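For clarity, every value in this text was computed on a predicted model and none was experimentally measured. Chain naming here is simple, since letters A, B, ... match the order of the sequence lines and numbering starts at 1 in each.
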2 protein chains.
Amino acid sequence: MLENKEYKEVLKREGLKNTKHRTSILEVMEHSEVPLTAEEIFIRLKEWNVAISLSTVYRVLETLVTKDLVNKSSISNDSKALFEINRMEHKHHLVCMGCKKMVSVEGCPFEEFEKKIQGTNGFDITGHKLEIYGYCAECKHGK
Amino acid sequence: MLENKEYKEVLKREGLKNTKHRTSILEVMEHSEVPLTAEEIFIRLKEWNVAISLSTVYRVLETLVTKDLVNKSSISNDSKALFEINRMEHKHHLVCMGCKKMVSVEGCPFEEFEKKIQGTNGFDITGHKLEIYGYCAECKHGK
DNA sequence: TTAGTTGCAAATCGTTTGCATCAAG
DNA sequence: CTTGATGCAAACGATTTGCAACTAA
């Protein structure tokens with residue numbers, strides 16, 4: 001499962017050593033539709049029989065974030081950070097308040113709105129984050 | 001500075017005892033334009049000569065959040081939680097990535113967008129959160 | 001009186017770091 | 001070889017909790 005050539009180049013391009021840990025972590029994220037916590041990545045690596053320590057997961061993720069290969073975020077009122085591979089596509093998520101499941105949603109209503117407030121207060125806008133909360137089909141019925 | 005009658009009723013309505021700590025915390029939040037951390041609230045209380053412990057601040061805030069009198073949130077990649085009094089008005093903020101200053105912004109482009117994805121994936125949407133990132137006038141120049 | 005509230009210190013949780021070892025270039 | 005990457009355990013910062021003392025109702 002774990003043998004990807006393209007990551008070797010990505011890492012080299014960024015001046016990072018090509019280690020199994022790094023490519024494996026990138027693969028785990030590549031295979032996930034939704035952002036993952038460091039611990040979830042750690043667990044998936046174990047399932048793939050990749051021996052690694054949790055602190056290395058954190059260190060690799062931090063490195064990848066500074067290289068802009070990975071995005072770090074979090075959902076409100078949850079203490080754990082989330083990481084997702086930077087696919088360079090602009091996406092938002094529906095977050096279920098019951099099970100914390102996240103679902104991608106197409107589209108973004110901001111291109112214009114952002115321009116509208118661009119310049120307001122002298123602010124130089126670089127980006128935004130949108131989270132939509134609610135209850136997924138399963139959790140809705142449980143309520 | 002600290003003597004508000006209306007909070008006594010708010011607390012009673014929610015079945016909470018009326019204590020000086022609770023009304024004081026509500027007042028601190030009432031007087032702030034932007035969300036505050038528990039520690040910032042703690043410090044302002046000290047400035048107002050209200051003796052309180054930090055753990056009580058956390059406990060009171062948690063209680064107020066469950067009663068929906070206060071909203072808890074956080075800005076991305078920052079480990080501290082933010083609290084603001086629930087003014088029942090729908091607002092979003094510009095967050096400066098330099099100094100973390102927050103500025104309120106008028107308007108919200110979502111009423112329609114939210115309806116558009118309402119029902120998608122069986123999701124029952126209850127709300128959303130939008131943060132707009134950038135650099136404020138001062139930090140922009142420092143860059 | 002009594003159920004809910006508080007202070008204090010210790011515990012917890014996610015994350016980071018120091019240091020000695022190891023491996024990619 | 002040399003620099004960067006890793007594991008481990010200890011440190012960290014924000015938040016939570018156990019418990020005994022207190023106080024609003």
Undergrad: Could you check which of C:dG14, C:dG7, C:dT6 has an atom nearest any side-chain atom of B:T19?
TA: C:dT6
Undergrad: I'd like to know if A:K17 reaches the base of D:dT3 with its side chain such that a donor and an acceptor end up less than 3.5 angstrom apart.
TA: yes
Undergrad: Is there a side-chain contact between A:F123 and B:V105 in this structure, where contact means two heavy atoms from C-beta onward sitting under 4.5 Å apart?
TA: no
Undergrad: Return the minimal non-hydrogen interatomic distance between B:I25 and B:V57, and the atom names on each side.
TA: CD1-CA, 4.0 Å
Undergrad: Can you list the steps and then say if A:R87 with A:E89 is a salt bridge (Lys or Arg N to Asp or Glu O under 4.0 Å)?
TA: CA-CA 5 Å; A:R87 297 192 169 85; A:E89 50 184 78; 5.4 Å; no
Undergrad: In whole Å, I'd like the distance from the CG atom of B:L82 to the C1' atom of D:dA14.
TA: 13 Å
Undergrad: Using whole Å, report how far CG of A:L11 lies from C1' of D:dT6.
TA: 15 Å
Undergrad: Using atom CD of B:E14 as one end and atom P of C:dG4 as the other, report the distance to the nearest whole Å.
TA: 15 Å
Undergrad: Under 4.5 Å between any side-chain heavy atoms of B:L69 and B:N86, yes or no?
TA: no
Undergrad: Rounded to the nearest angstrom, tell me the gap between atom CG in B:L16 and atom C1' in D:dA24.
TA: 12 Å
Undergrad: Atom CZ of A:R22 and atom P of D:dG4: how far apart are they, to the nearest Å?
TA: 11 Å
Undergrad: Atom CD of residue position B:E14 - does it have more than 12 heavy atoms of other residues, nucleotides or ligands inside 6.0 Å?
TA: yes
Undergrad: Quick one: A:K12 NZ to C:dG25 C1', roughly how many Å, whole number?
TA: 9 Å
Undergrad: Could you say whether B:A81 or A:T56 is positioned toward the 5' end of DNA chain D, judged by the nucleotide with the nearest heavy atom to each?
TA: A:T56
Undergrad: Do A:R22 and A:K17 come close enough that some side-chain heavy atom pair is under 4.5 Å?
TA: yes
Undergrad: Where the side chain of A:S79 is defined as all heavy atoms beyond and including C-beta, which of C:dG14, D:dT17, C:dT6 is the nearest nucleotide?
TA: C:dG14
Undergrad: Below 4.5 Å, heavy atoms only, C-beta onward: do B:V50 and B:H21 meet side chain to side chain?
TA: yes
Undergrad: For B:N18 and D:dC22, give me the distance from atom CG to atom P, rounded to whole Å.
TA: 21 Å
Undergrad: Output the residues of residues 57-64 of chain A in contact with DNA chain C, where contact means a heavy atom of the residue under 4.0 Å from an atom of the strand; sort by number or write none.
TA: A:Y58, A:R59
Undergrad: Less than 4.5 Å apart, side chain to side chain, heavy atoms only: is that true for A:L61 and A:I41?
TA: yes
Undergrad: If you only use heavy atoms from C-beta on, which nucleotide in D:dT15, C:dT16, D:dC8 is closest to the side chain of A:S53?
TA: D:dC8
Undergrad: Residues in side-chain hydrogen bond (donor to acceptor under 3.5 Å, both in side chains) with B:H92, at least two apart?
TA: B:H90, B:H128
Undergrad: So does B:K80 have more than 12 non-hydrogen atoms from other groups sitting under 6.0 Å from NZ?
TA: no
Undergrad: What integer distance in Å separates A:D78:CG from D:dT15:P?
TA: 13 Å
Undergrad: Would one find a side-chain N or O of A:H21 under 4.0 angstrom from OP1 or OP2 of D:dA5?
TA: no
Undergrad: Looking at residues 33-42 of chain A, who's got a heavy atom less than 4.0 Å off DNA chain C?
TA: none
Undergrad: Give the nucleotide from the list C:dT6, C:dT15, C:dA9 with an atom nearest to the side chain of A:L54.
TA: C:dT15
